[in-house]
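This report refers to the structure that appears directly beneath it.
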Amino acid sequence: TPHRVVVIGSGFGGLFGTQALKRRDDVEVTLIAQTTHHLFQPLLYQVATAGLDAGDVTYAARGIFHRQANVSVRMARVVGGDLDGRTLALADGSELGYDHLVLAAGAVTNTYGIPGVAEHAFGLKSLRDALAVRAQVLSCFEEADARPELIDDGLLNVVIAGGGPTGVELAGGMVELIEHVLRHDFPRLDLRRARVVLVEMGDTLLPPFHPKLGAKAKATLERRGVEVLLGTTVDQVHRTSVV
């Protein structure tokens, strides 16, 4: 009887874990995913800023394993399980047994308990998140074109919390979107009044890397028009403002 391995998640961890068992004829792998595609998360910021389309950062999960005979892909959502009995409960009511289980389900946005984040802020962990950010930005510019007086209330302001790689890339991409695309699409708007603000609680950007890289990123962003606030935390988020 083949050794049953169940892998939950079609992200990088799930894919590499599954591919590592490619030459094991004695292993039967079931990859469980909630979506039909693998998402290249490092480029999500480009989808959010209209630099790439959704299809540019996704690839069919089944297509990745066409030549790996010991893999089957199942679209499902795991809702529970019995670790002692080695079974998983799926959302459709069925169960799936395993001999080894690999959990690679990815990440969710951490609100850090800050009031209003869950209700009013956008995350950037999924394709749906990226498309929601893009839609929100474009709708704000459309509204500003129709009612320019709302710009004074911050309608064209973008606040990004977190100065890690995603926050830095998103801030830079947002400025490029405004300068190189929206400036031409909305010629009547004074886009000098649009603000991109990057808030980081630490004393440097890109904290996992060498401080020189963080300083260079800060200088580059500020030269492009991003307002970088170091040593600053988000205390509250309201529908139309950030404290």
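Shown here is Arg224, whose CZ atom has no more than 12 heavy atoms of other residues, nucleotides or ligands within 6.0 Å. In the displayed structure, His100 atom NE2 is contacted under 6.0 Å by at most 12 heavy atoms of other residues, nucleotides or ligands.
Here Leu96 sits in one hydrophobic cluster together with Val6, Ile8, Ile32, Val78, Leu83, Leu88, Leu90, Tyr98, Leu101, Leu103; the rule is ILVMFWY side chains under 4.5 Å apart, joined directly or through other members. Through direct or relayed side-chain contacts under 4.5 Å between Ile, Leu, Val, Met, Phe, Trp and Tyr, Val71 connects to Val5, Val7, Leu15, Leu21, Val27, Val29, Leu31, Tyr59, Ile64, Phe65, Val73, Met75, Val102.
Legend: residues meeting side chain to side chain donor-acceptor pair (under 3.5 Å) with Glu222, ordered by chain and number and at least two apart, are Lys218. With sequence neighbours left out, Asp25 forms a side chain to side chain donor-acceptor pair (under 3.5 Å) with no residue at all. A search for side chain to side chain contact (heavy atoms under 4.5 Å, CB included) contacts involving Thr240 returns nothing, not counting sequence neighbours. Every side chain to side chain contact (heavy atoms under 4.5 Å, CB included) that His37 has, sequence neighbours left out, goes to Thr35, Leu39, Thr58, Leu127. Every residue two or more places apart in sequence or in another chain that forms a side chain to side chain contact (heavy atoms under 4.5 Å, CB included) with Pro42 is listed here: Phe12, Phe40. With sequence neighbours excluded, the residues that form a side chain to side chain contact (heavy atoms under 4.5 Å, CB included) with Lys125 are Gln41, Ala107, Thr109, Asp129. Contacts of Asp145 classified as salt bridge (Lys or Arg N to Asp or Glu O under 4.0 Å), with partners at least two apart in sequence or in another chain: Arg188. Under the side chain to side chain donor-acceptor pair (under 3.5 Å) criterion, Asp99 pairs with Arg4, sequence neighbours left out.
Looking at Asn70, its side chain does come within 3.5 Å of a backbone N or O of Arg24 through a donor-acceptor pair.
For residues 110-119, the set of pairs meeting the side-chain hydrogen bond (donor to acceptor under 3.5 Å, both in side chains) definition, not counting sequence neighbours, is empty. Sorted by first and then second residue, the pairs that involve residues 189-199 and meet side-chain hydrogen bond (donor to acceptor under 3.5 Å, both in side chains), not counting sequence neighbours, are Asp152-Arg193, Asp190-Arg192, Arg195-Glu227.
In the hydrophobic cluster analysis, where Ile, Leu, Val, Met, Phe, Trp and Tyr join through side-chain heavy atoms closer than 4.5 angstrom, Leu155 is grouped apart from Leu182.
The nearest pair of heavy atoms linking Gly163 to Val168 is O-CG2, 3.6 Å. When every heavy atom of Ala104 is checked against every heavy atom of Gly14, the shortest pair comes out as CB-N, 3.5 Å.
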task: List the steps, then state whether side chain to side chain donor-acceptor pair (under 3.5 Å) holds for Ser139 with Arg134.
output: CA-CA 9 Å; Ser139 68; Arg134 180 199 292 192; over 6 Å; no
